[in-house]
There are 2 protein chains.
Amino acid sequence: MQFSKSTDYALHALIHLGLPERDTNVGIKELSATLGVSESYLSKIMSKLRQDGIVRAVPGVNGGYELARPADQITFLDVIQVIEGRQQLFECSNMNSRQHQLLAQEGAAQQEQPARNGCLVEKVMEGAEEHLHQYLREHTIQTVLDEALKHRSHESHKK
Amino acid sequence: MQFSKSTDYALHALIHLGLPERDTNVGIKELSATLGVSESYLSKIMSKLRQDGIVRAVPGVNGGYELARPADQITFLDVIQVIEGRQQLFECSNMNSRQHQLLAQEGAAQQEQPARNGCLVEKVMEGAEEHLHQYLREHTIQTVLDEALKHRSHESHKK
DNA sequence: TTTATCATAGACTTCACAGGTCCATAATTG
DNA sequence: CAATTATGGACCTGTGAAGTCTATGATAAA
């Protein structure tokens, strides 16, 4: 149960694109050199980000990538869902086991409750996932940029 | 990024052990029949739970498993960490990339800040993980049992 | 219009691990 | 002792993460 390295690379790449000093397009060479990942592998990740409208890409000389929208409108959840997919964190694998039938016995016997209300374990997990998502929606690429710049200015202030 | 099926099985097995009607030990046969999983596979999961002190096991005739402590003291987090391991949700894979050096440049230049404060992306993720864990600590096997029994009594009340 | 530069997409490889089976062994009770 | 139950290890298989390589397509500068 861990986020993939691709998610790591994607987030770091987006942060690089969001740094204020560089307003022009950033090529895959610079990105891969900065992150320490191969160009070919990082390319696929960037492609995914482009397909989902997180970044824009222009080919040709002086081409490269740039953020498709302001850094404070790219949430951690956005990035994670693009790379990891949108499958839910937990999925009950045996909804017609004897256990689930037992836990819903009365309703089924009298046909009063035709809508099988799903797995109780799954419900708890859905709550957990929603909590997690809420947090990840509140944190954006800009959040990290702010933190980085705060450190910098704090250091240069001490000087 | 999904919890494994083993976690699913473990949680459902613990719920079965926590049901009030059965006070005696529950064998692997009954468990596997109830959950719809093979005995051999479920055995290994139960062994893990035993090694971590979640359940007790007694071999021999009329042996089986029982909860090692009250159901309200077995949290979802406990179970998940036993099965999935205790590795963190996110780990920055290239802490000495050019990007991290750039984001910590001033401090390094003047040697005033020898302690490299970790990756900023990782920090956000650690916050997310802590949120998730908090939720998972607040939900126990008893939480699900209560929910299940509430449904039952609600149904029989309508009758 | 050619050419160098860049992104894109697909095929392919490697490796680790989830998911699962099977068997031999040990412990317990009647 | 014998039947029953849990434990541990060896083993198999499929899938997906992680990564490389190559051919193709788009673009801008010369």
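Not measured: the values here are computed from a predicted model. What's counted below: heavy atoms across the whole structure, side chains too, no hydrogens, waters or symmetry copies. Residue numbering restarts at 1 for every chain, and letters A, B, ... go by the order of the sequence lines.
- At dC6(C), none of the side-chain N or O atoms of R50(A) fall inside 4.0 Å of OP1 or OP2 (strictly under the cut-off).
- Atom CG of L120(B) is separated from atom OG1 of T143(A) by 11.0 Å, given to the nearest 0.5 angstrom.
- Side-chain nitrogen and oxygen atoms of Y65(A) include at least one within less than 4.0 Å of the OP1 or OP2 phosphate oxygen of dT8(C).
- Going from atom CD1 of I83(B) over to atom C1' of dC17(C) covers 15 Å, rounded to whole Å.
- Regarding E39(A), its CD atom lies at a distance of 8 Å from the P atom of dA7(C), rounded to whole Å.
- Across all strands, E84(A) comes closer than 4.0 Å to no nucleic acid atom at all (heavy-atom distances).
- Nearest to the side-chain atoms of S47(B) among the listed nucleotides dT7(D), dT28(C), dG19(C) stands dT7(D).
- N94(B) places no side-chain N or O within donor-acceptor distance of the main-chain N or O of G36(A), the cut-off being under 3.5 Å.
- Considering only side-chain atoms of V61(A), the nucleotide from dG19(C), dA28(D), dA3(D) that sits closest is dA28(D).
- Atom CG of N94(A) is separated from atom P of dG19(C) by 13 Å (rounded to the nearest Å).
- A sub-4.0 Å separation between OP1 or OP2 of dT7(D) and a side-chain N or O of S43(B) is absent.
- Of the residues in residues 73-81 of chain B, none lies under 4.0 Å from DNA chain C by heavy-atom distance.
- Between Q2(B) and dA18(C), a side-chain N or O to OP1/OP2 separation shorter than 4.0 Å is absent.
- Nearest nucleotide to the S38(B) side chain, out of dA18(D), dT21(C), dA6(D): dT21(C).
- Between the NZ atom of K48(A) and the P atom of dG19(D) there is a distance of 13 Å, rounded to whole Å.
- By the 30° and 60° cut-offs, the orientation of the rings of Y135(B) relative to H131(A) is tilted.
- Distances from the side chain of K44(A) to the nucleotides dG19(D), dA7(C), dG19(C) place dG19(D) closest.
- Residue V58(A) is classed as a sugar-phosphate contact, given heavy-atom separations below 4.0 Å to backbone atoms only.
- Closest heavy-atom contact between E126(A) and Q88(A): OE2-OE1, 3.9 Å.
- What separates CG of N25(B) from C1' of dT28(C) is a distance of 12 Å, to the nearest Å.
- At dC21(D), none of the side-chain N or O atoms of S40(A) fall inside 4.0 Å of OP1 or OP2 (strictly under the cut-off).
- As a whole-Å value, the separation of K5(A) NZ from dA17(D) P is 14 Å.
- Using a distance-only test at 3.5 Å, with no hydrogens or angles considered, a donor-acceptor pair links the side chain of D78(A) to the main chain of T75(A).
- Between P59(A) and M1(B), it is M1(B) whose nearest contact on DNA chain D lies nearer the 5' terminus.
- Residue Y9(B) is classed as a sugar-phosphate contact, given heavy-atom separations below 4.0 Å to backbone atoms only.
- At the phosphate of dA18(D), OP1 or OP2 sits under 4.0 Å from a side-chain N or O atom of S4(A).
- Cluster membership check: V121(B) shares its hydrophobic cluster with M1(B), using side-chain heavy-atom separations under 4.5 Å among Ile, Leu, Val, Met, Phe, Trp and Tyr.
- Remark: Y41(A) is not in phosphate contact with dT13(C), judged by side-chain N or O atoms under 4.0 Å from OP1 or OP2.
- Distance CD (E30(A)) to C1' (dT5(C)): 15 Å, rounded to an integer number of Å.
- To the nearest 0.5 Å, atom CE of residue M46(B) and atom CD of residue Q51(B) are 12.0 Å apart.
- Going from atom CG of L42(A) over to atom P of dT20(D) covers 11 Å, rounded to whole Å.
- Between Q51(A) and N62(A), it is N62(A) whose nearest contact on DNA chain C lies nearer the 5' terminus.
- Taking CG of L42(B) as the start and OH of Y65(B) as the end, the distance is 7.5 Å to the nearest 0.5 Å.
- Taking hydrophobic clusters as Ile, Leu, Val, Met, Phe, Trp and Tyr residues chained together by side-chain heavy-atom distances below 4.5 Å, V58(B) does not share a cluster with L31(B).
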